[in-house]
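Taking it in order: structure first as structure tokens, then the write-up.
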2 protein chains.
Amino acid sequence: MEQKESRRVQMTKLLLKTALIELMQEKPFRQITIKELCERADLNRTTFYLHYADQTDVLRDIEREIRDKTVDYMKNVGTDISTIGLIEAFLQYIKDNAKLFRTLFLSGEAEGFTQNFMGYALAEIKENLPYYGDELHEKYILTFLMNGSTHILIEWIESGFDLPASEVATLIYKLCDSVRDIAKE
Amino acid sequence: MEQKESRRVQMTKLLLKTALIELMQEKPFRQITIKELCERADLNRTTFYLHYADQTDVLRDIEREIRDKTVDYMKNVGTDISTIGLIEAFLQYIKDNAKLFRTLFLSGEAEGFTQNFMGYALAEIKENLPYYGDELHEKYILTFLMNGSTHILIEWIESGFDLPASEVATLIYKLCDSVRDIAKE
DNA sequence: TTGTAATTTCAACACGGTGTCGATTAACAT
DNA sequence: ATGTTAATCGACACCGTGTTGAAATTACAA
């Protein structure tokens with residue numbers, strides 16, 4: 001029996017999530033203590049253990065939320081749009097929520113989030129990408145493109161968005177596209 | 001005045017480094033305590049603080065050592081060799097030391113190491129790579145190639161080396177090479 | 001071989017975060 | 001108003017941390 005969480009519980013969790021995001025903007029994730037987190041959220045430490053096991057647990061919760069929101073957004077961008085347009089919309093979305101994504105991507109605890117998030121987010125885009133026929137090498141090629149693209153995104157965020165989203169989108173598309181022939185040899 | 005470390009100190013540090021590598025094969029880096037590390041190394045905890053500040057400090061030391069050894073190896077591969085040959089030699093070196101590199105790359109604490117290590121290791125190779133003329137986009141293209149290649153390597157390690165080194169080397173080379181034209185538009 | 005300096009050991013300490021109690025108070029829905 | 005659910009509070013034992021001062025051990029050179 002899946003029980004819906006009461007508004008009260010949702011609020012408590014929200015307080016904790018907000019507090020964590022705040023603290024992550026001030027110091028590395030790993031040196032944020034549960035004690036500290038609760039003080040910031042103005043909650044009793046015992047309450048924390050009622051909902052989460054540790055800091056990572058809270059972070060995963062945040063990440064799931066962001067991921068779902070982003071996927072939702074991507075789904076509603078429209079289907080009558082070019083692949084480059086899709087990528088651009090995605091990048092623009094990141095930029096529009098820069099503070100949040102900067103925190104998540106550059107937190108030092110990003111490893112897990114990055115893979116998961118990009119996996120979901122790019123699922124929408126992936127379908128529009130060319131198929132790389134080589135079965136043996138395909139997983140490697142996809143890994144290559146996925147992580148290459150991901151780190152362009154990260155560098156773009158780190159730079160403070162030194163290029164327009166459309167330009168980065170075009171670059172990523174071209175890079176992925178240029179690889180298309182590789183497998184056919 | 002740079003003082004050389006006594007053999008005794010070197011040995012103590014070696015014990016700690018060995019113990020850490022061992023423990024990293026048993027559990028995630030972040031839940032390895034200093035106490036535990038010293039017990040494994042059969043050293044007093046006080047001794048630890050004589051040489052290192054924390055676990056990360058030891059890890060960095062290991063990483064520097066491995067990096068230098070690898071760069072050394074790469075320098076002696078020979079100059080009269082193709083770029084693909086260079087990459088292959090590099091990959092083979094990883095494979096020959098699989099246990100160690102698996103631990104380092106997949107430790108969950110790999111983020112830092114990966115960037116640093118690949119930066120150095122691929123410096124040898126990079127010179128042989130084509131130059132991507134576009135100044136504005138060059139840093140992004142290099143990021144793309146670097147991280148794409150890096151994650152192919154990681155996936156190759158994770159897979160337990162399901163392809164011969166030569167094949168992976170060729171793939172990486174082709175992928176990087178295929179991007180050459182991008183900038184020229 | 002012996003003396004000296006460097007290194008490791010040991011016991012002890014205060015400190016702070018952790019996770020878990022049981023009991024109490026508050027919030028909320030019916 | 002009542003019963004259920006959630007949050008608070010104080011307290012507790014536990015464990016890892018980092019540092020201290022003194023003692024024991026080791027390395028090495030004279």
Side-chain angles (χ1 to χ4, degrees), chain A residues 1-65 103 107-109 112, chain B residues 1-65 103 107-109 112:
Chain A
M1 289 294 114
E2 280 287 322
Q3 271 294 84
K4 216 187 290 182
E5 283 173 347
S6 70
R7 290 220 182 81
R8 222 174 149 198
V9 172
Q10 285 180 353
M11 175 53 89
T12 301
K13 285 187 164 189
L14 181 59
L15 286 174
L16 285 168
K17 287 186 277 187
T18 306
L20 182 56
I21 290 285
E22 263 187 51
L23 285 169
M24 283 173 73
Q25 280 155 14
E26 297 168 19
K27 58 165 66 177
F29 177 80
R30 278 164 227 159
Q31 63 190 53
I32 298 175
T33 67
I34 293 178
K35 188 178 191 288
E36 196 176 12
L37 189 49
C38 293
E39 279 162 5
R40 182 66 64 107
D42 202 22
L43 287 173
N44 193 285
R45 201 159 56 81
T46 311
T47 308
F48 179 91
Y49 292 105
L50 249 31
H51 304 291
Y52 295 109
D54 52 32
Q55 302 92 326
T56 301
D57 202 10
V58 184
L59 183 56
R60 294 288 164 267
D61 206 14
I62 296 173
E63 290 175 352
R64 241 185 330 98
E65 200 180 312
T103 307
S107 74
E109 205 62 17
Chain B
M1 289 296 111
E2 281 285 324
Q3 269 296 82
K4 215 186 289 181
E5 282 171 346
S6 70
R7 288 219 185 85
R8 225 174 143 196
V9 171
Q10 286 181 353
M11 175 52 88
T12 301
K13 286 187 162 187
L14 180 60
L15 286 173
L16 286 169
K17 288 186 277 188
T18 305
L20 182 56
I21 291 284
E22 263 187 52
L23 285 169
M24 284 173 72
Q25 280 156 13
E26 297 168 19
K27 56 163 70 178
F29 177 80
R30 277 164 226 156
Q31 63 191 56
I32 298 174
T33 67
I34 293 177
K35 187 178 191 291
E36 197 176 12
L37 188 49
C38 293
E39 278 163 5
R40 183 66 65 107
D42 202 23
L43 287 173
N44 194 285
R45 202 158 54 81
T46 312
T47 309
F48 179 90
Y49 292 106
L50 250 29
H51 304 291
Y52 295 109
D54 51 33
Q55 302 92 325
T56 301
D57 202 10
V58 184
L59 184 56
R60 294 288 163 266
D61 206 14
I62 295 173
E63 290 175 353
R64 239 182 336 95
E65 200 179 310
T103 306
S107 75
E109 204 62 18

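Residue numbering restarts at 1 for every chain, and letters A, B, ... go by the order of the sequence lines. Computed from a prediction, not measured in an experiment: that's the story for all the values here.
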Please state how far atom CD in E5(A) lies from atom P in dA7(D), giving the value in whole angstrom units.
10 Å

Could you check how far CG of L16(A) sits from P of dA6(D), rounded to whole Å?
15 Å

Between K13(A) (NZ) and dA7(D) (C1'), how many Å, whole number?
15 Å

Identify all side-chain donor-acceptor contacts of residues 13-22 of chain B below 3.5 Å with residues at least two apart in sequence or on another chain.
{"unit_1": "K13(B)", "atom_1": "NZ", "unit_2": "E5(B)", "atom_2": "OE2", "d": "2.7"}
{"unit_1": "K17(B)", "atom_1": "NZ", "unit_2": "E65(B)", "atom_2": "OE1", "d": "2.7"}
{"unit_1": "T18(B)", "atom_1": "OG1", "unit_2": "L14(B)", "atom_2": "O", "d": "2.7"}
{"unit_1": "E22(B)", "atom_1": "OE1", "unit_2": "R40(B)", "atom_2": "NH1", "d": "2.7"}

What is the distance from CZ of R30(A) to C1' of dG16(D), rounded to the nearest Å?
18 Å

Close side-chain approach of T12(A) and V9(A), heavy atoms under 4.5 Å
no

S107(A): partners by side chain to side chain donor-acceptor pair (under 3.5 Å), with sequence neighbours left out
none

From I32(B) atom CD1 to T56(B) atom OG1, the distance as rounded to the nearest 0.5 Å
10.5 Å

Does E109(A) have any side chain to side chain donor-acceptor pair (under 3.5 Å) partners at least two apart in sequence or in another chain, and if so, which?
R30(A), R30(B)

Distance, rounded to the nearest Å, where F48(B) contributes CZ and dC10(C) contributes P:
18 Å

Separation of dT24(C) atom P from N44(A) atom CG, nearest Å, is 16 Å

Which atom pair, heavy atoms only, marks the closest approach of C38(B) to F48(B)?
SG-CB, 3.6 Å

Return a single string for nucleotides 14-20 of chain C, one symbol per nucleotide in 5' to 3' order, where B is base contact, S is sugar-phosphate-only contact and - is none, cutoff 4.0 angstrom on heavy atoms.
---SBBB

Distance (rounded to the nearest 0.5 Å) between T33(B) OG1 and E39(B) CD:
7.0 Å

Test salt bridge (Lys or Arg N to Asp or Glu O under 4.0 Å) applied to R8(B) - qualifying residues, sequence neighbours left out:
none

Can you name the residues that form a side chain to side chain donor-acceptor pair (under 3.5 Å) with R60(B), not counting sequence neighbours?
E63(B)

So for atom NZ, which belongs to K35(B), do other residues, nucleotides or ligands contribute more than 12 heavy atoms lying within a distance under 6.0 Å?
no

Is any side-chain N or O of H51(A) closer than 4.0 Å to OP1 or OP2 of dA6(D)?
no

Report which part of the nucleic acid L43(B) touches: base, sugar-phosphate, or nothing (heavy-atom distance under 4.0 Å, all strands).
sugar-phosphate

Just to verify, what does T46(B) make a side chain to side chain donor-acceptor pair (under 3.5 Å) with, not counting sequence neighbours?
N44(B)

Strand-adjacent residues in residues 18-29 of chain B, judged by heavy atoms under 4.0 Å from DNA chain C
none

Is the shortest heavy-atom distance from the side chain of Y52(B) to the side chain of I34(B) under 4.5 Å?
no

Contact check, residues 58-65 of chain A vs DNA chain C, heavy-atom distance under 4.0 Å, returns none

Any residue meeting salt bridge (Lys or Arg N to Asp or Glu O under 4.0 Å) with R64(A), in chain and number order, not counting sequence neighbours:
D61(A)

First locate atom CE of M24(B), then atom CD of Q55(B), and finally report the distance between them rounded to the nearest 0.5 Å.
11.0 Å

Tell me the interatomic distance from Q10(A), atom CD, to dC28(C), atom P, rounded to whole angstroms.
13 Å

Counting primed atoms, P, OP1 and OP2 as sugar-phosphate and everything else as base, the B/S/- map of nucleotides 25-30 of chain D against protein heavy atoms under 4.0 Å is BBS---

